[in-house]
Amino acid sequence: MKLRRTELKDIKKWEDAGIKLPEFDVEKVIDVTSKRPTWIHFGAGNIFRGFIAMLMQTLLNKGLIDTGIIAVESYDFEVSEKIYKPYDNLGLRVIMNADGTLEKEVVGSIADIVMADPSNEGQWFKLKGIFKNPSLQIVSMTITEKGYNLRDFSGNFIKEVTEDIEDGPEKPKNVVSKLTSLVYSRYKDGEHPLALVSLDNFSGNGDRLKSAVMTIAEEWAKKSYVEDGFLKYLSDPSKVSFPLSMIDKIVPRPHEIVKKSLEDSGLEDMDIITTSKNTVIAPFVNAERAQYLVVEDKFPNGRMKLEEAGVILTDKETVEKVERMKVTTCLNPLHTALAIYGCLLNYKTIADEMKDSCLKKLVEKVGYVEGMPVVIDPKVLNPEEFIKEVIEVRLPNPYMPDTPQRIATDTSQKMGIRFGETIKSYMQRSDLDVKSLKYIPLVIAGWCRYLMGIDDNGNEMTLSPDPLLNDLKSHVSNIKFGDVESVKNNLRPILSNKQIFGLDLYEAGIGEMIESYFKELISDTGAVRNTLKKYLEC
């Protein structure tokens with residue numbers, strides 16, 4: 001049994017294998033979408049297939065729409081060649097329940113995949129055609145937080161952005177430049193309205209996307225590559241919107257347990273691959289059951305009935321509250337705390353970390369004790385219920401093969417949102433004392449300790465990718481493991497960096513506390529464990 005469109009016709013075979021099939025005519029959806037596209041998504045990875053494409057699948061199953069979603073890959077073109085095309089753009093979404101059961105469903109809502117590669121004239125022409133089509137309502141993206149960064153550590157445009165600004169919109173290299181160029185095509189074709197929706201997991205994602213797109217457009221306008229009218233088009237919310245969103249679903253890398261289960265069901269060609277750009281992907285996606293998507297209801301060209309797929313549509317203020325609740329308190333800071341200390345203590349899964357009394361207590365202190373006092377109830381989701389589900393159900397799920405090493409990726413891009421915002425709230429509130437914070441500073445100190453690339457046993461460990469890694473390592477390179485005196489002022493460039501934390505931690509009054517924790521963490525082998533025991537009484 002293979003994951004191919006022709007094989008979907010043998011319904012009983014799939015039913016016997018315990019795999020749910022799409023309840024719509026896949027071929028017909030592909031045909032209608034090619035003529036009248038409504039939704040296109042940048043970022044063809046796991047979160048897209050495991051969550052976003054399934055929203056369209058739900059609406060298709062209910063008969064509420066007749067078009068699918070088009071995937072766009074702008075970074076790793078092997079994903080298209082090795083995971084989409086060989087399987088007729090079909091996928092398998094596997095929900096991993098806490099009791100060990102797996103729920104398997106064929107994803108048939110992905111009508112096409114296009115490579116955002118101007119050097120591939122055929123694909124680029126096709127993509128432009130989709131953007132020019134008046135029927136297009138939504139362009140969404142999951143390009144990771146660093147995808148929106150146009151500037152380097154020093155505040156200068158990164159190399160490919162500089163080249164894009166100089167060369168204009170014809171053959172852009174950066175993903176935001178590509179998007180801006182494609183939207184420019186839509187503008188020239190008739191100023192058709194459109195919603196540009198960031199579904200990436202960080203605060204103010206829509207505002208950040210707008211800022212990035214406007215920056216490229218303004219630079220092109222200065223060089224007369226685009227008209228001033230294009231800037232007005234992008235700035236007119238009745239033409240182009242940049243809704244805020246809060247997305248939440250843990251979709252880890254594909255796991256061998258799931259691969260074996262699918263093969264035991266009779267499926268062939270379920271190999272997990274690692275591309276030359278280190279994307280780990282498979283024909284299937286494994287994910288947790290819980291999922292949340294809250295979106296600002298601003299769609300100038302209309303939208304499908306997303307609420308029928310479980311999406312919460314609301315106003316900007318409510319999205320900001322939900323997103324702040326999740327990203328700064330109830331989930332993301334807990335994940336990052338586990339990622340940092342999990343790497344240092346050589347854990348391989350988040351679920352195993354939650355069996356560690358010290359680490360479980362750490363996330364409880366960061367979330368319940370230090371985070372909850374500054375959470376504003378968004379009303380559409382209950383903060384207490386949300387964080388309880390995270391700590392008691394989602395993170396301990398032994399069948400969710402998520403790793404601290406994966407979550408530790410790009411940590412420098414996350415610190416300001418996941419911890420800096422709570423620190424700012426403490427500074428702004430007269431009833432709270434920022435110097436009363438103990439556990440958030442302990443996590444930040446742990447991150448600095450992590451940057452040394454030495455685990456708690458004193459052995460070298462591989463650090464996860466991070467765009468600022470070389471800069472960060474240069475500051476801790478003069479610190480010697482076991483030599484507390486070598487710390488000196490080496491942490492100051494990190495802890496005072498407002499680009500990383502959103503504020504200077506010394507000015508906030510906790511920089512010295514973090515340094516003190518750090519000195520304890522590097523004092524000897526086993527110091528990480530001993531420091532956690534000391535401050536968490538575990």
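Any value given below was found using the heavy atoms of this structure, including those in side chains, with hydrogens, waters and symmetry copies removed.
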Exercise. Take Asp264 and Ser261 through the test side chain to side chain donor-acceptor pair (under 3.5 Å) and record every step on the way to the result.
Key: CA-CA 5 Å; Asp264 290 345; Ser261 174; over 6 Å; no

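- The backbone N or O of Ser245 sits less than 3.5 Å from a side-chain atom of Asn205, completing a donor-acceptor pair.
- Looking at every heavy atom in both residues, Ser474 comes nearest to Ser477 through O-OG, 2.9 Å.
- Inter-residue side-chain proximity for Asp297 and Pro243 is flagged as unmet; no heavy-atom pair is nearer than 4.5 Å.
- In this structure, CG in Leu150 is found 7.5 Å from OG in Ser211, a value given to the nearest 0.5 Å.
- Within the 4.5 Å cutoff, the side chain of Leu344 has heavy atoms near those of the Ile340 side chain.
- Between the Asn490 side chain and the Val487 main chain, a donor and an acceptor come within less than 3.5 Å of each other.
- Aromatic rings from Tyr535 and Tyr439 are positioned such that their centres are separated by 6.0 Å or more.
- With salt bridges taken as basic N to acidic carboxylate O contacts below 4.0 Å, none links Asp207 and Lys210.
- Lys534 has its side chain out of reach of Asn530: every pair of non-hydrogen atoms, C-beta onward, lies at least 4.5 Å apart.
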Exercise. Give the C-alpha distance, both sets of side-chain angles, the deciding distance and a yes or no for side chain to side chain donor-acceptor pair (under 3.5 Å) between Asn397 and Glu288.
Key: CA-CA 9 Å; Asn397 184 345; Glu288 66 173 343; over 6 Å; no

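- Judged purely by distance below 3.5 Å, without hydrogens or angles, the side chains of Asp248 and Gln291 never pair a donor atom with an acceptor atom.
- Across every non-hydrogen atom of Ile407 and Thr336, the tightest pair is CG2-N, 4.4 Å.
- Side-chain contact between Ile281 and Ile272 is absent, with no heavy-atom pair separated by less than 4.5 Å.
- With respect to the salt-bridge test (charged N to carboxylate O, under 4.0 angstrom), the residues Glu296 and Lys298 qualify.
- Note: Phe518 CZ to Leu451 CG = 8.5 Å, rounded to the nearest 0.5 Å.
- Note that NZ of Lys438 and CE of Met513 are 9.0 Å apart. Values are rounded to the nearest 0.5 Å.
- Side-chain atoms of Lys321 do not come within 3.5 Å of backbone N or O of Val375 as any donor-acceptor pair.
- Side chains of Thr142 and Asp200: a donor-acceptor N/O pair is absent below 3.5 angstrom, by distance only.
- Side-chain contact between Glu145 and Asp410 is absent, with no heavy atoms from C-beta onward closer than 4.5 Å.
- No side-chain donor-acceptor contact under 3.5 Å links Thr58 and Asn61.
- With 3.5 Å as the limit, one finds no donor-acceptor pair spanning the side chains of Thr525 and Asn457.
- A donor-acceptor distance shorter than 3.5 angstrom exists from the side chain of Asn286 to the backbone of His255, with no hydrogens or angles considered.
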Quiz prompt | side chain to side chain donor-acceptor pair (under 3.5 Å) between Ser265 and Lys104, worked out | solution = CA-CA 10 Å; Ser265 299; Lys104 307 159 190 174; 3.0 Å; yes

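- A donor-acceptor pair is defined here as one N or O able to donate and one able to accept, closer than 3.5 Å; such a pair exists between the side chain of Asp456 and the backbone of Ala527.
- A salt bridge between Glu320 and Arg324 is absent, with no side-chain N of the basic residue lying under 4.0 Å from a carboxylate O of the acidic one.
- Within the structure, side-chain hydrogen bond (donor to acceptor under 3.5 Å, both in side chains) pairs that include any residue of residues 361-374 comprise Lys360-Glu364 (at least two apart or interchain).
- Nearest heavy atoms, Ala44 versus Tyr84: O-OH, 2.8 Å.
- Here the options are Met270, Lys20, Glu105, Arg49, the test is side chain to side chain contact (heavy atoms under 4.5 Å, CB included), and the partner is Leu92; only Met270 passes.
- Under a 3.5 Å cut-off, the side chain of Ser436 and the backbone N or O of Asp433 do form a donor-acceptor pair.
- Side-chain N or O atoms of Arg449 include one that pairs as donor or acceptor with a backbone N or O of Ile454 at under 3.5 Å.
- One side chain, Lys326 or Asn332, offers a donor N or O that lies under 3.5 Å from an acceptor on the other.
- The disulfide bond (SG atoms under 2.5 Å apart) contacts involving residues 367-414 comprise nothing, where partners must be two or more places apart or lie in separate chains.
- A cation-pi arrangement is found for Arg208 relative to Phe202, the charged atom lying closer than 6.0 Å to the ring centre and inside a 45° cone about the ring normal.
- Listed by first then second residue, pairs satisfying disulfide bond (SG atoms under 2.5 Å apart) with a partner in residues 350-381 read Cys358-Cys538, not counting sequence neighbours.
- In this structure, Glu308 contributes its side chain and Leu59 its backbone to no donor-acceptor pair below 3.5 Å.
- Cation-pi contact between Lys277 and Tyr75: present, with separation from the ring centre below 6.0 Å and deviation from the ring axis of at most 45°.
- Residues satisfying the side chain to side chain contact (heavy atoms under 4.5 Å, CB included) test with Ser486, not counting sequence neighbours, are Ile479, Lys480, Asp483.
- Looking at Glu323, its side chain does come within 3.5 Å of a backbone N or O of Ser203 through a donor-acceptor pair.
- Here CG of Asp356 is found 8.0 Å from CG of Leu532. Values are rounded to the nearest 0.5 Å.
- With rounding to the nearest 0.5 angstrom, the CD atom of Glu353 is 10.0 Å from the CG atom of Asp402.
- Side chains of Leu306 and Leu293 form no contact here, defined as non-hydrogen atoms less than 4.5 Å apart.
- In this structure, Tyr341 has its ring center at least 6.0 angstrom away from the ring center of Tyr347.
- Looking only at side-chain heavy atoms (C-beta outward), Lys249 and Met54 stay at 4.5 Å or farther from each other.
- Looking only at distances, no side-chain donor or acceptor of Gln413 sits under 3.5 Å from a matching main-chain atom of Lys146.
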Hey, can you pull the donor-acceptor pairs under 3.5 Å for the side chains in residues 379-391, sequence neighbours left out?
residue: Asn382; atom: OD1; partner: Glu384; partner atom: N; Å: 2.9
residue: Asn382; atom: OD1; partner: Glu385; partner atom: N; Å: 2.9
residue: Glu389; atom: OE1; partner: Tyr292; partner atom: OH; Å: 2.6

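- The OG atom of Ser198 sits 7.0 Å away from atom CD1 of Ile143, with the distance rounded to the nearest 0.5 Å.
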Exercise. Tell me, with the steps shown, if Met141 and Leu199 meet side chain to side chain contact (heavy atoms under 4.5 Å, CB included).
Key: CA-CA 6 Å; Met141 56 216 64; Leu199 296 178; over 6 Å; no

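- Because its NZ or CZ atom is both nearer than 6.0 Å to the ring centre of Tyr506 and within 45° of the ring axis, Arg492 counts as a cation-pi partner of that residue.
- At a threshold of 4.0 Å, the pair Glu263-Lys259 counts as salt-bridged, since one of the basic side-chain nitrogens sits closer than that to a carboxylate oxygen.
- Counting heavy atoms from C-beta outward, Phe242 and Val197 have side chains that stay 4.5 Å or more apart.
- No donor-acceptor contact under 3.5 angstrom links the side chains of Asn46 and Arg253, judged on distance only.
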Please tabulate, one pair per line, all N/O donor-acceptor pairs under 3.5 Å involving side-chain atoms of residues 463-472, not counting sequence neighbours.
residue: Ser464; atom: OG; partner: Gln405; partner atom: O; Å: 2.6
residue: Asp466; atom: OD1; partner: Ser412; partner atom: OG; Å: 2.5
residue: Asp466; atom: OD1; partner: Leu468; partner atom: N; Å: 2.9
residue: Asp466; atom: OD2; partner: Thr411; partner atom: N; Å: 3.0
residue: Asp466; atom: OD2; partner: Ser412; partner atom: N; Å: 2.8
residue: Asp466; atom: OD2; partner: Ser412; partner atom: OG; Å: 3.2

